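Please read the structure below before turning to the comments.
Proteins come first, then strands; the chains are lettered A, B, ... in the order of their sequence lines, and each starts at number 1. These numbers were taken from a predicted model, which means no experiment stands behind them.
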There are 2 protein chains.
Amino acid sequence: MGLTKTEIFTDEQNRLAVMLKALAHPARIAILQQIINVNACICGDLVDELGLAQATISQHLKELKTAGLIQGAIEGVSVCYCIEPKAWKLLSSQLGEFFSLYKEPANCC
Amino acid sequence: MGLTKTEIFTDEQNRLAVMLKALAHPARIAILQQIINVNACICGDLVDELGLAQATISQHLKELKTAGLIQGAIEGVSVCYCIEPKAWKLLSSQLGEFFSLYKEPANCC
DNA sequence: CATGTATATCGCAATATTACGATTGATTAT
DNA sequence: ATAATCAATCGTAATATTGCGATATACATG
(Lines give C-alpha, C1' and ligand atoms only; values in the text may rest on other atoms or scores of the structure.)
Protein backbone atom coordinates (compact mmCIF):
# COMPACT_ATOMS: atom_id res chain seq x y z
CA MET A 1 0.00 0.00 0.00
CA GLY A 2 0.91 3.64 0.27
CA LEU A 3 -0.85 4.06 -3.03
CA THR A 4 -3.90 6.29 -3.29
CA LYS A 5 -6.90 4.34 -4.56
CA THR A 6 -7.91 6.71 -7.31
CA GLU A 7 -10.25 4.16 -8.92
CA ILE A 8 -12.86 4.61 -6.26
CA PHE A 9 -13.21 8.37 -6.62
CA THR A 10 -14.70 10.53 -9.32
CA ASP A 11 -12.51 12.15 -11.93
CA GLU A 12 -13.37 15.51 -10.50
CA GLN A 13 -12.36 14.54 -7.00
CA ASN A 14 -9.09 13.15 -8.30
CA ARG A 15 -8.35 16.17 -10.46
CA LEU A 16 -9.07 18.59 -7.67
CA ALA A 17 -6.87 16.60 -5.29
CA VAL A 18 -3.99 16.62 -7.77
CA MET A 19 -4.21 20.37 -8.21
CA LEU A 20 -4.42 20.98 -4.49
CA LYS A 21 -1.44 18.75 -3.92
CA ALA A 22 0.51 20.89 -6.34
CA LEU A 23 -0.37 23.94 -4.24
CA ALA A 24 0.13 22.26 -0.90
CA HIS A 25 3.70 23.25 -0.22
CA PRO A 26 4.93 26.56 1.15
CA ALA A 27 7.71 26.75 -1.43
CA ARG A 28 5.26 26.35 -4.28
CA ILE A 29 2.92 28.90 -2.77
CA ALA A 30 5.84 31.29 -2.44
CA ILE A 31 6.89 30.61 -6.02
CA LEU A 32 3.42 31.36 -7.33
CA GLN A 33 3.22 34.55 -5.30
CA GLN A 34 6.57 35.66 -6.67
CA ILE A 35 5.58 34.84 -10.22
CA ILE A 36 2.41 36.87 -9.80
CA ASN A 37 4.09 39.75 -7.99
CA VAL A 38 6.89 40.27 -10.43
CA ASN A 39 4.34 40.31 -13.15
CA ALA A 40 6.90 39.96 -15.83
CA CYS A 41 7.68 36.30 -15.43
CA ILE A 42 10.81 35.45 -13.57
CA CYS A 43 13.17 32.55 -13.65
CA GLY A 44 16.27 31.85 -11.62
CA ASP A 45 15.51 34.92 -9.57
CA LEU A 46 13.40 32.50 -7.58
CA VAL A 47 16.52 30.69 -6.48
CA ASP A 48 17.82 33.96 -5.05
CA GLU A 49 14.52 35.04 -3.55
CA LEU A 50 13.63 31.83 -1.79
CA GLY A 51 16.27 30.12 0.32
CA LEU A 52 16.31 26.79 -1.46
CA ALA A 53 18.86 25.12 -3.68
CA GLN A 54 18.60 25.48 -7.42
CA ALA A 55 17.78 21.81 -7.86
CA THR A 56 14.96 22.08 -5.36
CA ILE A 57 13.39 25.13 -6.98
CA SER A 58 13.63 23.49 -10.35
CA GLN A 59 11.82 20.46 -9.01
CA HIS A 60 9.01 22.55 -7.52
CA LEU A 61 8.67 24.44 -10.79
CA LYS A 62 8.37 21.14 -12.59
CA GLU A 63 5.55 20.04 -10.32
CA LEU A 64 3.68 23.28 -10.88
CA LYS A 65 4.22 22.90 -14.61
CA THR A 66 3.10 19.28 -14.58
CA ALA A 67 -0.06 20.34 -12.76
CA GLY A 68 -0.53 22.88 -15.56
CA LEU A 69 -0.59 25.85 -13.22
CA ILE A 70 2.38 27.58 -14.79
CA GLN A 71 4.12 27.58 -18.11
CA GLY A 72 7.71 28.28 -18.97
CA ALA A 73 9.23 29.93 -22.00
CA ILE A 74 12.89 29.64 -22.85
CA GLU A 75 14.37 33.07 -23.13
CA GLY A 76 17.93 32.86 -24.18
CA VAL A 77 19.89 31.20 -21.43
CA SER A 78 17.17 31.50 -18.84
CA VAL A 79 13.58 30.37 -18.55
CA CYS A 80 10.63 32.60 -17.93
CA TYR A 81 7.71 31.25 -15.94
CA CYS A 82 4.24 32.58 -15.62
CA ILE A 83 0.74 31.59 -14.61
CA GLU A 84 -1.25 29.49 -17.03
CA PRO A 85 -4.44 31.57 -17.07
CA LYS A 86 -6.87 28.82 -18.03
CA ALA A 87 -5.80 26.34 -15.37
CA TRP A 88 -5.64 29.09 -12.81
CA LYS A 89 -9.18 30.23 -13.49
CA LEU A 90 -10.49 26.70 -13.65
CA LEU A 91 -8.98 25.73 -10.33
CA SER A 92 -10.12 28.97 -8.81
CA SER A 93 -13.71 28.39 -9.85
CA GLN A 94 -13.68 24.73 -8.89
CA LEU A 95 -12.45 25.64 -5.44
CA GLY A 96 -15.02 28.39 -5.21
CA GLU A 97 -17.70 25.86 -6.02
CA PHE A 98 -16.35 23.37 -3.55
CA PHE A 99 -16.28 25.83 -0.71
CA SER A 100 -19.68 27.25 -1.48
CA LEU A 101 -21.22 23.80 -1.08
CA TYR A 102 -21.25 24.47 2.60
CA LYS A 103 -23.78 27.00 3.75
CA GLU A 104 -23.85 27.89 7.35
CA PRO A 105 -24.18 25.44 10.20
CA ALA A 106 -27.53 23.84 10.36
CA ASN A 107 -27.62 22.51 13.87
CA CYS A 108 -25.51 19.42 14.05
CA CYS A 109 -22.60 18.85 16.41
CA MET B 1 16.23 15.67 4.11
CA GLY B 2 12.68 14.88 3.18
CA LEU B 3 11.75 17.59 5.64
CA THR B 4 10.04 20.75 4.48
CA LYS B 5 12.03 23.83 5.45
CA THR B 6 9.23 25.75 7.09
CA GLU B 7 11.62 28.24 8.71
CA ILE B 8 12.24 30.02 5.46
CA PHE B 9 8.59 30.74 4.68
CA THR B 10 6.08 33.09 6.22
CA ASP B 11 3.56 31.81 8.74
CA GLU B 12 0.81 32.48 6.28
CA GLN B 13 2.47 30.47 3.54
CA ASN B 14 3.00 27.60 5.95
CA ARG B 15 -0.53 27.71 7.31
CA LEU B 16 -2.07 27.81 3.86
CA ALA B 17 0.10 24.90 2.75
CA VAL B 18 -0.94 22.84 5.76
CA MET B 19 -4.62 23.43 5.09
CA LEU B 20 -4.24 22.66 1.41
CA LYS B 21 -2.38 19.48 2.23
CA ALA B 22 -5.32 18.43 4.37
CA LEU B 23 -7.59 18.92 1.35
CA ALA B 24 -5.25 17.39 -1.17
CA HIS B 25 -6.53 13.85 -1.20
CA PRO B 26 -9.54 12.53 -3.09
CA ALA B 27 -10.76 10.59 -0.05
CA ARG B 28 -10.73 13.69 2.10
CA ILE B 29 -12.47 15.72 -0.58
CA ALA B 30 -15.10 13.00 -0.82
CA ILE B 31 -15.48 12.92 2.94
CA LEU B 32 -16.02 16.66 3.10
CA GLN B 33 -18.55 16.54 0.28
CA GLN B 34 -20.43 13.79 2.07
CA ILE B 35 -20.38 15.64 5.36
CA ILE B 36 -21.78 18.70 3.64
CA ASN B 37 -24.33 16.81 1.57
CA VAL B 38 -25.84 14.82 4.37
CA ASN B 39 -26.16 18.03 6.26
CA ALA B 40 -26.86 16.30 9.48
CA CYS B 41 -23.37 15.20 10.30
CA ILE B 42 -22.57 11.63 9.55
CA CYS B 43 -20.15 9.16 11.00
CA GLY B 44 -19.40 5.56 10.08
CA ASP B 45 -21.72 5.95 7.11
CA LEU B 46 -18.62 7.25 5.44
CA VAL B 47 -17.05 3.84 5.67
CA ASP B 48 -20.00 2.43 3.75
CA GLU B 49 -20.21 5.28 1.25
CA LEU B 50 -16.56 5.40 0.31
CA GLY B 51 -14.79 2.18 -0.52
CA LEU B 52 -12.05 2.38 2.07
CA ALA B 53 -11.36 0.43 5.22
CA GLN B 54 -12.58 1.73 8.54
CA ALA B 55 -9.06 2.37 9.76
CA THR B 56 -8.28 4.40 6.66
CA ILE B 57 -11.39 6.57 6.94
CA SER B 58 -10.69 7.15 10.59
CA GLN B 59 -7.18 8.27 9.74
CA HIS B 60 -8.41 10.71 7.08
CA LEU B 61 -10.98 12.08 9.52
CA LYS B 62 -8.23 12.63 12.03
CA GLU B 63 -6.22 14.62 9.53
CA LEU B 64 -9.18 16.81 8.70
CA LYS B 65 -9.82 17.29 12.40
CA THR B 66 -6.19 18.09 13.10
CA ALA B 67 -6.31 20.69 10.36
CA GLY B 68 -9.35 22.09 12.12
CA LEU B 69 -11.63 21.71 9.12
CA ILE B 70 -14.10 19.41 10.83
CA GLN B 71 -15.17 18.64 14.33
CA GLY B 72 -16.57 15.46 15.81
CA ALA B 73 -19.12 14.91 18.52
CA ILE B 74 -19.64 11.60 20.25
CA GLU B 75 -23.21 10.54 19.88
CA GLY B 76 -23.84 7.34 21.73
CA VAL B 77 -21.85 4.62 20.08
CA SER B 78 -21.04 6.55 16.98
CA VAL B 79 -19.36 9.84 16.21
CA CYS B 80 -20.87 12.68 14.33
CA TYR B 81 -18.67 14.87 12.15
CA CYS B 82 -19.38 18.21 10.65
CA ILE B 83 -17.67 21.21 9.15
CA GLU B 84 -15.98 23.65 11.51
CA PRO B 85 -17.51 26.88 10.18
CA LYS B 86 -14.75 29.26 11.24
CA ALA B 87 -11.87 27.33 9.73
CA TRP B 88 -13.91 26.66 6.62
CA LYS B 89 -14.66 30.34 6.06
CA LEU B 90 -11.12 31.38 6.88
CA LEU B 91 -9.59 28.96 4.43
CA SER B 92 -12.16 29.87 1.83
CA SER B 93 -11.35 33.55 2.08
CA GLN B 94 -7.59 32.99 2.21
CA LEU B 95 -7.81 30.95 -0.96
CA GLY B 96 -10.01 33.55 -2.56
CA GLU B 97 -7.39 36.15 -1.77
CA PHE B 98 -4.59 33.98 -3.05
CA PHE B 99 -6.27 33.32 -6.36
CA SER B 100 -7.31 36.89 -6.86
CA LEU B 101 -3.70 37.99 -6.67
CA TYR B 102 -3.42 37.08 -10.28
CA LYS B 103 -5.20 39.36 -12.67
CA GLU B 104 -5.17 38.51 -16.28
CA PRO B 105 -2.07 37.88 -18.34
CA ALA B 106 -0.01 40.93 -18.93
CA ASN B 107 2.18 39.98 -21.80
CA CYS B 108 4.86 37.66 -20.59
CA CYS B 109 5.59 34.20 -21.95
C1' DC C 1 35.46 26.00 -30.62
C1' DA C 2 35.98 27.06 -25.61
C1' DT C 3 33.99 29.18 -21.72
C1' DG C 4 30.49 30.95 -18.82
C1' DT C 5 25.71 31.03 -17.36
C1' DA C 6 21.08 29.19 -16.47
C1' DT C 7 18.19 25.09 -15.94
C1' DA C 8 17.07 20.44 -15.86
C1' DT C 9 17.87 15.89 -14.44
C1' DC C 10 19.95 11.97 -11.73
C1' DG C 11 20.74 9.64 -7.60
C1' DC C 12 20.40 9.43 -2.98
C1' DA C 13 19.08 9.94 2.07
C1' DA C 14 15.63 11.36 5.30
C1' DT C 15 11.07 11.64 6.14
C1' DA C 16 5.98 11.56 5.17
C1' DT C 17 1.80 9.51 3.35
C1' DT C 18 -1.49 5.92 2.29
C1' DA C 19 -3.79 1.82 3.32
C1' DC C 20 -5.19 -1.85 6.15
C1' DG C 21 -5.45 -5.82 9.52
C1' DA C 22 -5.54 -6.34 14.29
C1' DT C 23 -6.36 -4.61 18.53
C1' DT C 24 -8.15 -1.50 22.01
C1' DG C 25 -11.59 1.60 24.14
C1' DA C 26 -16.04 3.21 24.82
C1' DT C 27 -21.07 2.90 24.76
C1' DT C 28 -25.38 0.60 24.30
C1' DA C 29 -28.32 -3.42 24.48
C1' DT C 30 -29.31 -8.09 26.43
C1' DA D 1 -21.79 -8.76 33.70
C1' DT D 2 -21.70 -10.17 28.56
C1' DA D 3 -22.10 -9.36 24.12
C1' DA D 4 -22.49 -6.32 20.22
C1' DT D 5 -21.31 -2.18 17.76
C1' DC D 6 -18.63 1.76 16.41
C1' DA D 7 -14.59 4.29 16.20
C1' DA D 8 -9.64 5.21 17.43
C1' DT D 9 -5.10 3.61 17.61
C1' DC D 10 -1.03 0.57 16.72
C1' DG D 11 2.04 -1.60 13.76
C1' DT D 12 3.59 -2.39 9.34
C1' DA D 13 4.37 -2.52 4.26
C1' DA D 14 4.41 0.03 0.04
C1' DT D 15 5.06 4.16 -2.00
C1' DA D 16 5.65 9.33 -2.35
C1' DT D 17 7.78 13.67 -1.14
C1' DT D 18 11.45 16.85 0.04
C1' DG D 19 15.95 18.54 -0.45
C1' DC D 20 20.36 18.71 -2.34
C1' DG D 21 25.00 17.70 -4.47
C1' DA D 22 26.66 16.35 -8.72
C1' DT D 23 26.17 16.17 -13.28
C1' DA D 24 24.21 16.99 -17.82
C1' DT D 25 22.11 20.03 -21.24
C1' DA D 26 21.31 24.24 -23.73
C1' DC D 27 22.32 28.69 -25.11
C1' DA D 28 25.36 32.79 -25.59
C1' DT D 29 29.63 35.10 -25.99
C1' DG D 30 34.63 35.74 -26.51
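- Between atom CG of residue B/L23 and atom CG of residue A/L16 there is a gap of 8.0 Å, rounded to the nearest 0.5 Å.
- OP1 or OP2 of C/dA19 lies within a sub-4.0 Å distance of a side-chain N or O belonging to B/H60.
- To the nearest 0.5 Å, atom CD1 of residue B/I31 and atom CD1 of residue B/I36 are 12.0 Å apart.
- Look at A/S78 and you won't find any side-chain N or O under 4.0 angstrom from OP1 or OP2 of C/dA6.
- A pairwise comparison of heavy atoms in B/I83 and B/Q71 identifies O-OE1, 3.8 Å as the closest pair.
- Taking every side-chain heavy atom of A/L3 into account, D/dT15 is the closest of D/dT15, D/dT18, D/dA8.
- Whole-Å rounding puts the B/L61 CG to C/dC20 C1' distance at 15 Å.
- In this structure, the CD atom of A/E7 is 9 Å from the P atom of C/dA19, given to the nearest Å.
- Distances from the side chain of B/S58 to the nucleotides D/dA8, C/dC20, D/dG21 place D/dA8 closest.
- A close approach under 4.0 Å does not occur between any side-chain nitrogen or oxygen of A/Y81 and OP1 or OP2 of C/dA6.
- Comparing A/T6 and A/V47 by the nucleotide of DNA chain C that holds the closest heavy atom to each, the one mapping nearer the 5' end is A/V47.
- If you check every strand for non-hydrogen atoms under 4.0 Å, A/A55 touches a base.
- In the set D/dA7, C/dA8, D/dT18, C/dA8 carries the atom at the smallest distance from any side-chain atom of A/Q54.
- When heavy atoms are screened at a 4.0 angstrom cut-off, A/L52 is found touching the sugar-phosphate backbone but no base atom.
- Counted by atom type alone, B/Q94 and B/E12 present zero donor-acceptor pairs between their side chains at under 3.5 Å.
- Nucleic acid contact for B/V79: sugar-phosphate only, since backbone atoms but no base atoms lie under 4.0 Å from a heavy atom of the residue.
- An OP1 or OP2 oxygen of D/dT17 is reached within less than 4.0 angstrom by a side-chain nitrogen or oxygen of A/K21.
- Whole-Å rounding puts the B/Q59 CD to C/dT17 C1' distance at 8 Å.
- The distance between atom CD1 of A/I57 and atom C1' of C/dA8, rounded to the nearest whole Å, is 14 Å.
- Across all strands shown, A/T56 has heavy atoms under 4.0 Å from base atoms, whether or not it also approaches the sugar-phosphate.
- Rounded to whole Å, atom P of C/dT5 lies 16 Å from atom CG of A/D45.
- With hydrogens and angles ignored, the 3.5 Å screen pairs a side-chain donor or acceptor of B/E84 with a backbone N or O of B/A87.
- For the pair B/E63 CD and D/dT9 C1', the computed distance is 14 Å after rounding to whole Å.
- The phosphate of D/dC20 (OP1 or OP2) has a side-chain N or O of B/K5 nearer than 4.0 angstrom.
- Between B/L52 and B/A27, the closest heavy-atom pair is CD1-CB, 3.7 Å.
- To the nearest angstrom, P of D/dT17 lies 15 Å from CG of A/L23.
- Protein atom CG of B/D48 is 13 Å distant from nucleotide atom C1' of D/dA7, rounded to whole Å.
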